[in-house]
Structures are given as C-alpha cells and as structure tokens.
Amino acid sequence: LNALIYHIRIMNDALYPSKLNPKSNYMTTNTDMLEWVIEECHNRGIEFHAWMNPYRVMSSGGSDLNAIANNIKNKCPNNIGSNPDNLLMNSSGGVILNPGLPEVRDFIVETCMEVIKNYDVDAIHFDDYSYITGVHDTSTREKYNPDGLSLADWRRHQVDLFIKQLSDEMRAY
C-alpha cells in the first residue's frame, strides 16, 4: 500500500471542518479526523489522496430545489447550493451543482483550494464530475454557449473549464 484514497466530499458536504461546505452527516465527531488520517498516512510513508464529488448534492429523492437550497443555507450559508438557481435536478430527484455556471465552478475550485491550503494532501481525485442523466440546463447552455456547441460537447467543455481553472489555481498556489 503506497497511497490511501479517502472520501472527503460526498454530497456537497465535508468530512473536515469547512467554511464553504456543511458538515457531512457521515461525520459524527467535531474532531478533525482528516488531519489525523493524513498524519498517520505520512508517518507510514503512504500518500494521502483526497477523493471528492464536486457536483453531487443528492443521489436521489429530491423533489423541491427551494427546500434543498434552504436546507443547505441553514447548514452553511456560504455554500453555492444555498441558491436553488445553482442546482439541477433530474426526474429521480438526483441533484447536482450546475457545472455550466461560472460561479459554481469558482466555488468548487475554492472548495478544493480550501483543502489544499489547510491539509497536506498529495493528490485530489474526482468522482461524479459529469452531468447526471435527465437534468435540464437549457437556459444555462443558451446563456454560456457562444460557440453553439452540441449539448454533449458543451457539457464536456464545462467540465474541462473547471479542471483547467483548478489546475491553474493549484499551479499558482
């Protein structure tokens, strides 16, 4: 074993103290376990890789974006998901942050940088950094698609923009 990949952001939440994301329901202590896990990895010569889901808010069961945003706002007013205009939902109630919005991409980059600046992580891995099936983002695409890309190409481009922005920010840091 030379690296540990550890899930720290599951559903627009944090398994570490965060100013930007609400505390995960899976975090049952106020102790900063992330710091301890990283230290124990490094003490053993093991790299620590942070695993994040950048967009996912809910896997299923959502029905009202206003209620979801309100719940997020009550837990963490600084979170971009506290505004229902920044959320997309599909017919099964899956909810994601809208990757097509520049302010959402900025927020996710800021979330990653919060981790990088506060913890000695060796890498960040992303899971679910794509659109979920069945979301309707027509108004976002109409607003931010000056090149007239197809839906699939435009969505891929939004993910590319996020990754490039994060890469630039990390290199600058």
query = For Gln165 and Asp106, does a side-chain donor sit closer than 3.5 Å to a side-chain acceptor?
reply = yes
message = What I want to check is whether the side chains of Tyr144 and Asp137 have a donor and an acceptor closer together than 3.5 Å.
response = no
ask   = Are Val95 and Phe126 connected in the hydrophobic side-chain network, where two residues link if heavy atoms are under 4.5 Å apart?
value = yes
key: Test log, rule side chain to side chain contact (heavy atoms under 4.5 Å, CB included), inputs Met27 and Tyr16   = CA-CA 8 Å; Met27 191 169 154; Tyr16 56 92; 5.7 Å; no
request  = Kindly indicate whether the side chain of Arg155, heavy atoms from C-beta on, has any atom under 4.5 Å from the side chain of Val135.
outcome  = yes
ask   = Around atom CG of Asn43, are there more than 12 heavy atoms of other residues, nucleotides or ligands at under 6.0 Å?
value = yes
inquiry  = I need the minimum non-hydrogen distance between Pro77 and Ser82, along with the two atoms involved.
reply    = O-OG, 3.6 Å
key: Connected via hydrophobic side-chain network under 4.5 Å: Phe162 and Leu87   = yes
query = Are Lys164 and Asp160 ion-paired here, with the side-chain N under 4.0 Å from a carboxylate O?
reply = no
query = Is there side-chain contact between Leu88 and Tyr131, with heavy atoms separated by less than 4.5 Å?
reply = yes
inquiry  = Quick one: does any side-chain atom of Arg141 pair with a main-chain N or O of Trp154 as donor and acceptor, under 3.5 Å?
reply    = no
ask   = Are Tyr129 and Ile8 co-members of a hydrophobic cluster defined by side-chain heavy atoms under 4.5 Å apart?
value = yes
ask   = So do the side chains of Phe48 and Ile5 get within less than 4.5 Å of each other, counting heavy atoms only?
value = no
query = Transitively linked via ILVMFWY side-chain contacts under 4.5 Å: Ile124 with Met11?
reply = no
message = So which atom in Ala3 and which in His49 form the shortest heavy-atom distance, rounded to 0.1 Å?
response = CB-NE2, 3.9 Å
query = Which is it for Met52 and Cys112 under the side chain to side chain contact (heavy atoms under 4.5 Å, CB included) test, yes or no, and what are the steps along the way?
reply = CA-CA 9 Å; Met52 304 172 112; Cys112 294; 3.8 Å; yes
query = Is the backbone N or O of Thr133 less than 3.5 Å from a side-chain atom of Asn90, with the two atoms forming a donor-acceptor pair by type?
reply = yes
query = Have Asn79 and Asn21 got a donor and an acceptor in their side chains that come within less than 3.5 Å?
reply = yes
request  = For Asn53 and Tyr55, indicate whether the former's side chain and the latter's backbone hold a donor-acceptor pair under 3.5 Å.
outcome  = no
inquiry  = Would the distance check show the side chain of Glu114 and the main-chain N or O of Lys19 forming a donor-acceptor pair, the cut-off being under 3.5 Å?
reply    = yes
query = How about Ile72 and Lys75: do any of their side-chain heavy atoms sit closer than 4.5 Å?
reply = no
ask   = What's the verdict on salt bridge (charged side-chain N to carboxylate O under 4.0 Å, His left out) for Asp153 and Arg156, showing C-alpha distance, side-chain angles and the deciding distance?
value = CA-CA 5 Å; Asp153 287 343; Arg156 276 190 292 276; 2.5 Å; yes
Tyr6/Leu34 under side chain to side chain contact (heavy atoms under 4.5 Å, CB included): CA gap, chis, key distance, verdict = CA-CA 9 Å; Tyr6 188 84; Leu34 183 56; 4.2 Å; yes
ask   = How far apart are the C-alpha atoms of Asp13 and Arg9, what are their side-chain angles, what is the distance that settles it, and do they pass the salt bridge (charged side-chain N to carboxylate O under 4.0 Å, His left out) test?
value = CA-CA 5 Å; Asp13 57 6; Arg9 188 168 194 274; over 6 Å; no
inquiry  = To the nearest 0.5 Å, what is the distance between CG on Asp85 and CD on Glu103?
reply    = 9.0 Å
key: Criterion ring pair (Phe, Tyr, Trp, His ring centres under 6.0 Å) on His125 and Trp51, from CA distance to verdict   = CA-CA 5 Å; His125 295 258; Trp51 170 15; 8.7 Å; no
query = Hey, does the side chain of Ser18 reach the backbone of Ala14 with a donor-acceptor pair shorter than 3.5 angstrom?
reply = no
query = Do the side chain of Asn98 and the main chain of Gly100 share a donor and acceptor less than 3.5 angstrom apart?
reply = yes
task = For the pair Asn12 (side chain) and Arg56 (backbone), establish whether a donor and an acceptor sit closer than 3.5 Å, ignoring hydrogens and angles.
result = no
request  = State plainly whether one hydrophobic cluster holds both Val57 and Ile10, where clusters connect Ile, Leu, Val, Met, Phe, Trp and Tyr through side-chain heavy atoms under 4.5 angstrom apart.
outcome  = no
ask   = Hey, are the side chains of Glu40 and Val37 touching, using non-hydrogen atoms and a 4.5 Å cut-off?
value = no
key: Close side-chain approach of Met89 and Met58, heavy atoms under 4.5 Å   = no
ask   = Side chains of His42 and Asp122: is there a donor and an acceptor less than 3.5 Å apart?
value = yes
Interatomic spacing from CD1 in Ile38 to CG in Asn118 - rounded to 0.5 Å = 10.0 Å
query = For the side chain of Asn86 and the backbone of Ile80, is there at least one donor-acceptor N/O pair under 3.5 Å apart?
reply = yes
message = Does His7, at its NE2 atom, have more than 12 non-hydrogen atoms belonging to other residues, nucleotides or ligands within less than 6.0 Å?
response = yes
message = With a 4.5 Å cut-off on side-chain heavy atoms, are Leu15 and Met33 touching?
response = no
ask   = Do Glu110 and Glu169 pass the side chain to side chain contact (heavy atoms under 4.5 Å, CB included) test, and can you show the C-alpha distance, the side-chain angles, and the key distance before you say yes or no?
value = CA-CA 9 Å; Glu110 191 177 352; Glu169 189 76 24; over 6 Å; no
inquiry  = Testing the basics here: between Ser63 and Ile68, what is the closest heavy-atom pair and its distance to 0.1 Å?
reply    = N-CD1, 4.4 Å
message = If only side-chain N and O atoms count, and only distance matters, is there a donor-acceptor pair under 3.5 Å linking Lys23 with Asn30?
response = yes
